[in-house]
Engineer: 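Sharing a structure here in structure tokens format.
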Number of protein chains: 2
Amino acid sequence: MARTEHRKSGTLPVTPPTLADVAERAGVSRQTVSNAVNNPDLLRPDTLERVRQTIAELGYSPNRAARNLRTRTSSLIGMRFAPAQEGTANAAMDRFVHSLVEASEEVGYHVLLFPGDDEDPVGGYDNLLRSTAVDAFVVTDTYLGNPQAAWLSQQRAPFVAFGRPWHDDEARHVWVDVDGAAGIALATQHLIDRGHTRIAWIGWRKDSPIGEDRRSGWVRTMHANGLSTTGMASRVEDVVHSGAEAAAVLLDESAPTAFVCASDTLAMGVLHTLWIRQLAPGRDIAVVGFDDSQVAQVYPVGLTSVRQPLEDVAVEIVRNLRALLSHQPVETRGVLLEPTLAIRESSQPAGPVVAQ
Amino acid sequence: MARTEHRKSGTLPVTPPTLADVAERAGVSRQTVSNAVNNPDLLRPDTLERVRQTIAELGYSPNRAARNLRTRTSSLIGMRFAPAQEGTANAAMDRFVHSLVEASEEVGYHVLLFPGDDEDPVGGYDNLLRSTAVDAFVVTDTYLGNPQAAWLSQQRAPFVAFGRPWHDDEARHVWVDVDGAAGIALATQHLIDRGHTRIAWIGWRKDSPIGEDRRSGWVRTMHANGLSTTGMASRVEDVVHSGAEAAAVLLDESAPTAFVCASDTLAMGVLHTLWIRQLAPGRDIAVVGFDDSQVAQVYPVGLTSVRQPLEDVAVEIVRNLRALLSHQPVETRGVLLEPTLAIRESSQPAGPVVAQ
DNA sequence: CGATCGACCTAGATCGATCCAATCGAGGTG
DNA sequence: CACCTCGATTGGATCGATCTAGGTCGATCG
């Protein structure tokens, strides 16, 4: 139980020790050292101990390139990294990437980022694949018409998508997604439980399958509670300004007491309109957003928001990637995870809850 | 000028073509193919053309692992990825990582992310270094007492830091940073130009060198314009709540007409206090934040904020990394870049500018 | 007692690229 | 014509690991 870690003291030698160095010093063959690292149960306990001792003394760590060459793997997961769009509140990427990095590390993988090119969406994938630089991909932008998933499938490249193949019935790849409808249902029910009956929806335009899915959660929950949705919905662009306008129109025409929005960006628009009209979020009108972005967290009146379980998504993705890579049969094509609701002031009246 | 890209059509063969395959097909030696890829000027034009043709036909791309093994490089830049802290508005990481990925790609590098471990801050670095998995590192969290820079220096590992070695005069490593003081000076001058004279500062606690640096920009500009700073400053924790409290106290005691804050998080606190007191940001009281976070962008009253030139930072970091790796002498130890000011409504009166 | 077996270990081949030294042929020089 | 230079190309060695096949040795067994 030597607590001192020799391998971490002192400067790194010009050329790190190799497997052969360890073998010679320990008086065994290279293969035995290799086995000590990769298949310890093949060694006799005393030999294993001796080799491990030597490995520690020399500070040996297997050369990645050599191992990669021989095993035809890289222990790298490629992911195209597109930044959050400026002017929107979608900060989910940051959290997701971190979760993915953590989850990958757990099973011995690292995450390699490469830039995206709108003109040549598969170019980055193609390069990495051809040069066998990565073992697999995580595909995040599975929006409509994105050719990446189909292309990767065709290349027989291992990958897992974050996001359902919305319009592609042909798709047979593995995916992990968050049940947006369930999240919005959660939000809607939360408002109903607080006594609201006139709950409006502000979502994205009809050509967004994700937006329509989330909307369905609202419709479903309203109807399940015997509440009407007519005249209570609006579909707009995902910008603050549009959310503000939609809120103003809905307030004038349908007098809702609560808003459920497809995004925090739209919710910010609603809050803006409330502010102009001197209505207090939470007290006068409840507002719920989606994504639990930093905006929702630091806005002075904390914004209640649907929070995607990105940590779980990452874990699930990595789990499926491993299955794919080890050629185990993947039990399911798709996994749908349940979001939670981060409840803040914007949906909580300061005073006592108004009955009905 | 064949516009059709053969290499991108069809599925990938089970094992990608190797250099030897290309050589045989083109009727040249392996070394010639290698030269065609890496030193094209060594080949006679007609040979080069023939080899390139064959490369395109077979869809050949050099195997990364083999190249890495032979050249003892990986074309990978390692970076420890820590997520933005929840509850703050600091979304700079996202933008920076993207910029870094882009800038790296330009010069043939990819970015490898690894998780951080607070208990063993150099563990991740150590592993990657020993296994020669990356060529260099980008170190981002150069806060006080962070041992990474010193440790990497000692290991003679190539790295460039994003952030100055604030308290370490011994440090001889290369760094790139943003001149926070200059950014705040810009913001302060902007407010003075708008006619403000009573400009308050809300910053971080005194043990934050970054915070003190930013503060100095405010002090400097105020004094340069013959304005007083006494009783106009507050130093608090970087949370919304603290910013709100500080603003309330300052408003009561010193009646400022403008606030400059060390972060967007604190600025959100100020906005909260203004909201409670029915004061309109921009019209009644001006507010400026720092980082141009998503919050600043989507807040209904757009928040004027100092914006770090993260794209330039990334480019500069990559430039210095290349110099380090090619053993060219780096001309300077440190690079300081100028931020800009993203001007929005929170510092712009709706009506005409009030003279003096 | 020799054959067989299994646990443990070893030596050589191999992954696919680049480095190195050497070769080959064409052109220039005294 | 012998000698040298130089551009273009080549074949073998090499990077550091793992794979494959095979060897050693003591225990077990007919």
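Keep in mind it's a predicted model, so treat the numbers as computed, not measured. To find a chain, count down the sequence lines: A is the first, B the second, and so on, and within it residues start at 1.
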Engineer: Choosing from D/dA8, D/dA17, C/dA17, which nucleotide comes nearest the side chain of B/Arg44?
Structural biologist: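 From the listed options, D/dA8 comes nearest.
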Engineer: Check the distance between D/dG7's C1' and B/Leu43's CG and give it to me in whole angstrom.
Structural biologist: 11 Å
Engineer: At 10 degrees resolution, what angle do the end axes of the helix from C/dC1-D/dG30 to C/dG30-D/dC1 form when each is taken over five base pairs?
Structural biologist: 60°
Engineer: For B/Glu49 and D/dA8, what is the distance between atoms CD and C1' respectively, to the nearest whole Å?
Structural biologist: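 My rounded result for the distance is 17 Å.
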Engineer: Tell me: CZ of B/Arg67 to C1' of D/dG16, nearest whole Å?
Structural biologist: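 After rounding, the reported distance stands at 18 Å.
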Engineer: Tell me: CG of B/Leu69 to P of D/dA13, nearest whole Å?
Structural biologist: 17 Å
Engineer: May I ask you to say whether B/Arg52 pairs ionically with B/Glu49, meaning some side-chain N is under 4.0 Å from a carboxylate O?
Structural biologist: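 No, B/Arg52 and B/Glu49 are not salt-bridged.
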Engineer: Take the protein atom CZ of A/Arg70 and the nucleotide atom C1' of D/dT20, then report the distance between them rounded to whole Å.
Structural biologist: 9 Å
Engineer: For residues B/Phe114 and B/Phe81, establish whether the separation of their ring centroids is below 6.0 Å.
Structural biologist: no
Engineer: Just compare D/dT10, D/dG16, C/dA11 and give me whichever is closest to any side-chain atom of A/Gln31.
Structural biologist: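 Shortest atom-to-atom distance from the side chain points to C/dA11.
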Engineer: We want to know whether B/Asn63 and A/Thr132 form a side-chain donor-acceptor pair, criterion being a heavy-atom distance below 3.5 angstrom.
Structural biologist: yes
Engineer: Looking only at the side chains, is there a donor atom on one of B/Arg67 and B/Asn38 sitting less than 3.5 Å from an acceptor on the other?
Structural biologist: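 B/Asn38 and B/Arg67 do have a side-chain donor-acceptor pair below 3.5 Å.
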Engineer: Round to a whole Å and report the spacing from CG of B/Leu48 to C1' of D/dG7.
Structural biologist: 15 Å
Engineer: So, does the side chain of B/Arg30 form a donor-acceptor pair with the base of D/dG12 at under 3.5 Å?
Structural biologist: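 It does, because a donor-acceptor pair links the side chain of B/Arg30 to the base of D/dG12 below 3.5 Å.
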Engineer: Using a 4.0 Å heavy-atom cut-off, does B/Thr71 contact any base of the nucleic acid, only the sugar-phosphate backbone, or nothing at all?
Structural biologist: sugar-phosphate
Engineer: Measure from CG on B/Leu19 to C1' on C/dT18 and round the result to the nearest Å.
Structural biologist: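 It is 9 Å, rounded to the nearest whole Å.
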Engineer: Other residues, nucleotides and ligands only: do more than 12 of their heavy atoms fall within 6.0 Å of CZ on A/Arg322?
Structural biologist: no
Engineer: Using OP1 and OP2 only, check whether a side-chain N or O of A/Ser34 sits under 4.0 Å from D/dT18.
Structural biologist: yes
Engineer: Can you tell me if the side-chain N/O atoms of B/Ser29 get under 4.0 Å from OP1 or OP2 in D/dG11?
Structural biologist: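 So the side-chain polar atoms of B/Ser29 never come under 4.0 Å of the phosphate oxygens OP1 or OP2 of D/dG11.
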Engineer: Checking B/Ser74 against B/Asp135: is there a side-chain donor and acceptor pair closer than 3.5 Å?
Structural biologist: yes
Engineer: Within the 4.5 Å heavy-atom criterion, are B/Asp120 and B/Val122 side-chain neighbours or not?
Structural biologist: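 Touching, per the 4.5 Å side-chain cut-off.
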Engineer: Please determine whether a side-chain nitrogen or oxygen atom of B/Thr47 lies at a distance below 4.0 Å from atom OP1 or OP2 of D/dA8.
Structural biologist: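 B/Thr47 to D/dA8 OP1/OP2: no side-chain N or O under 4.0 Å.
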Engineer: Round to the nearest Å and state the distance from B/Arg64 atom CZ to D/dC15 atom C1'.
Structural biologist: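 Answer to the nearest Å: 17 Å.
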Engineer: Do NZ/NE/NH1/NH2 and the carboxylate oxygens of A/Glu24 and A/Arg30 come within less than 4.0 Å?
Structural biologist: no
Engineer: Would one find a side-chain N or O of B/Arg72 under 4.0 angstrom from OP1 or OP2 of D/dG16?
Structural biologist: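 Yes, within the criterion.
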Engineer: Would you say a side-chain N or O of B/Thr18 is under 4.0 Å from OP1 or OP2 of C/dG16?
Structural biologist: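 Checking C/dG16 against B/Thr18, no side-chain N or O comes under 4.0 Å of OP1 or OP2.
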Engineer: Base, sugar-phosphate, or nothing for B/Asn38, non-hydrogen atoms under 4.0 angstrom?
Structural biologist: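 B/Asn38: backbone/sugar contact only, no base atoms under 4.0 Å.
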